[in-house]
Structure formats: C-alpha cells, structure tokens
**Q** 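Here it is, the structure in full.
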Amino acid sequence: MSDIEKVVLRTRKIEKLLRMQYHAEGKGLHQLITSCEERLPHDVIAKLRYIATIRNKVVHEEDFKLDNTQDFSGVCDECEKELTPRSGRFIWRTAVMLMMLITTAALFFYYAHWDVLSRHFP
C-alpha cells in the first residue's frame with residue numbers, strides 16, 4: 001500500500017468522526033477542524049492539524065515522502081481514540097464485564113449444585 005493510500009484511508013476515518021460526532025462542516029480536513037474547533041478537546045487540535053498538513057503534502061506535493069509512517073499512524077490512533085465518544089466505550093466495557101460476571105456466577109452455581117440438578121436430567 002502506498003503512502004497516499006495509507007494517509008488517505010486514515011484521514012477519512014478522522015473526517016468521518018469530525019462530521020458525525022462534532023458536526024464539522026467543510027471540504028478539507030483543515031476546514032473541518034476549524035468549523036468545530038471550539039467543541040474539540042484542546043490537546044487534539046494540534047495533532048489534527050499535523051495530520052491535515054501531512055495529508056495535504058502527501059496528496060498535493062509530488063516529491064513528498066512520508067518518513068515515519070509509524071509516528072503518523074500513532075498520532076492518528078490517538079486522535080481517533082480521543083474523538084470517539086467515551087460513553088460508547090464505557091457502555092460496551094460495562095456490558096461485557098456484566099456478561100462475564102453473570103456467566104461466571106452461573107458456572108459456579110451449576111458446579112455447586114450439579115449433584116442435585118443432575119438427578120432431573122434423563
């Protein structure tokens with residue numbers, strides 16, 4: 001996969017998050033950031049500007065070479081995590097933990113009472 005593909009695919013996810021979660025408007029990533037800047041977490045704005053600048057350079061400058069794709073991917077991961085609503089992650093984490101707790105309790109119950117319960121099975 002080329003640098004252009006990697007960068008564009010990663011920035012499309014961020015653009016979608018900005019549009020859906022922060023109601024950003026605009027054509028480019030810089031415009032999206034500017035349109036919802038007051039609603040964004042403050043520590044993410046500089047990272048988003050970095051991502052937008054790298055994206056523009058990769059797409060528009062013919063001789064630009066992305067030196068460290070791992071750093072770029074790391075910044076993208078941080079931004080995606082920060083822009084994803086926390087309530088969704090909290091709810092899913094709580095639901096999974098609750099299901100694990102109920103399943104474990106059921107297993108212990110059946111284990112403790114198996115001698116009584118097994119008489120009722122043919």
**Q** Is any side-chain heavy atom of Leu18 closer than 4.5 Å to one of Leu40?
**A**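 Yes - at least one pair of side-chain heavy atoms lies under 4.5 Å apart.
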
**Q** Does a sphere of radius 6.0 Å around CD in Glu61 hold more than 12 heavy atoms from other residues, nucleotides or ligands, not counting ones at 6.0 Å or beyond?
**A** yes

**Q** If you measure from CG on Leu9 to CD1 on Ile4, what distance do you get to the nearest 0.5 Å?
**A**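 Rounded to the nearest 0.5 Å, the CG-CD1 separation comes to 11.5 Å.
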
**Q** Take Leu48 and Leu83 through the side-chain contact (heavy atoms from CB on, under 4.5 Å) test and state the conclusion after the steps.
**A** CA-CA 10 Å; Leu48 288 172; Leu83 295 175; 4.1 Å; yes

**Q** Does a sphere of radius 6.0 Å around NE2 in His42 hold more than 12 heavy atoms from other residues, nucleotides or ligands, not counting ones at 6.0 Å or beyond?
**A**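 Result for NE2/His42: open.
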
**Q** What I'd like to find out is whether the side chain of Arg119 reaches to under 4.5 Å of the side chain of Val116, using heavy atoms alone.
**A** yes

**Q** Do any N or O atoms from the side chain of Thr103 and from the backbone of Met100 form a donor-acceptor pair under 3.5 angstrom?
**A**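 No: the side chain of Thr103 does not pair with the backbone of Met100.
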
**Q** Walk me through it: do Gln21 and Thr84 pass the test side-chain contact (heavy atoms from CB on, under 4.5 Å)?
**A** CA-CA 8 Å; Gln21 301 299 326; Thr84 303; over 6 Å; no

**Q** Going by ring pair (Phe, Tyr, Trp, His ring centres under 6.0 Å), name the residues that satisfy it together with Phe64, two or more places apart in sequence or in a different chain.
**A**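 With neighbours one apart ignored, the set is empty.
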
**Q** To the closest 0.5 Å, what do you measure between CD (Glu78) and CG (Asp43)?
**A**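 Glu78 CD to Asp43 CG: 9.5 Å, rounded to 0.5 Å.
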
**Q** Can you give me the closest heavy-atom contact between Cys79 and Lys47, atom names plus distance?
**A**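 For Cys79 versus Lys47, the nearest heavy atoms are SG-CB, 3.5 Å.
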
**Q** Could you tell me the separation between the OG atom of Ser73 and the CZ atom of Arg10, rounded to the nearest 0.5 Å?
**A** 5.0 Å

**Q** Would you check, one step at a time, whether the test side-chain contact (heavy atoms from CB on, under 4.5 Å) holds for Thr11 with Phe72?
**A** CA-CA 11 Å; Thr11 56; Phe72 180 78; 4.3 Å; yes

**Q** Could I get the full list of ring pair (Phe, Tyr, Trp, His ring centres under 6.0 Å) partners for Phe121, not counting sequence neighbours?
**A** Trp114

**Q** Checking Val75 against Ile54 for the side-chain contact (heavy atoms from CB on, under 4.5 Å) test, could you report, in this order, the C-alpha distance in whole Å, the side-chain angles of both residues, the deciding distance, and whether it holds?
**A** CA-CA 11 Å; Val75 172; Ile54 294 296; over 6 Å; no

**Q** Please find the pair of heavy atoms, one from Ala24 and one from Cys36, that lie closest to each other, and give the distance.
**A** CB-SG, 3.7 Å

**Q** What is the distance from atom CD1 of Ile91 to atom CG of Leu98, rounded to the nearest 0.5 Å?
**A** 13.0 Å

**Q** Any side-chain heavy atom of Tyr22 within less than 4.5 Å of one from Pro41?
**A**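 Counting from C-beta outward, Tyr22 and Pro41 do come under 4.5 Å.
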
**Q** Crowded around Arg12 CZ? As in, over 12 foreign heavy atoms under 6.0 Å?
**A** no

**Q** What pair of heavy atoms forms the shortest contact from Glu25 to Ser35, and how long is it?
**A** N-OG, 2.9 Å

**Q** Side-chain heavy atoms under 4.5 angstrom apart, residues restricted to Ile, Leu, Val, Met, Phe, Trp, Tyr: same cluster for Ile33 and Met20?
**A** no

**Q** Do we see a donor-acceptor contact under 3.5 Å between the side chains of Thr34 and Arg49?
**A**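 A donor-acceptor contact under 3.5 Å links the two side chains.
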
**Q** Quick one: do Ile51 and Val8 end up in the same hydrophobic cluster if we chain Ile, Leu, Val, Met, Phe, Trp and Tyr together by side-chain heavy atoms under 4.5 Å apart?
**A** yes

**Q** Looking only at non-hydrogen atoms, find the nearest pair between Arg19 and Lys27 and report the distance.
**A**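 For Arg19 and Lys27, the tightest heavy-atom pair comes out as NH2-O, 4.0 Å.
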
**Q** What is the distance from atom CG of Asp63 to atom NZ of Lys57, rounded to the nearest 0.5 Å?
**A** 10.5 Å

**Q** CG/Leu32 to CD/Glu15 distance, rounded to the nearest 0.5 angstrom?
**A**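 These two atoms lie 5.5 Å from each other.
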
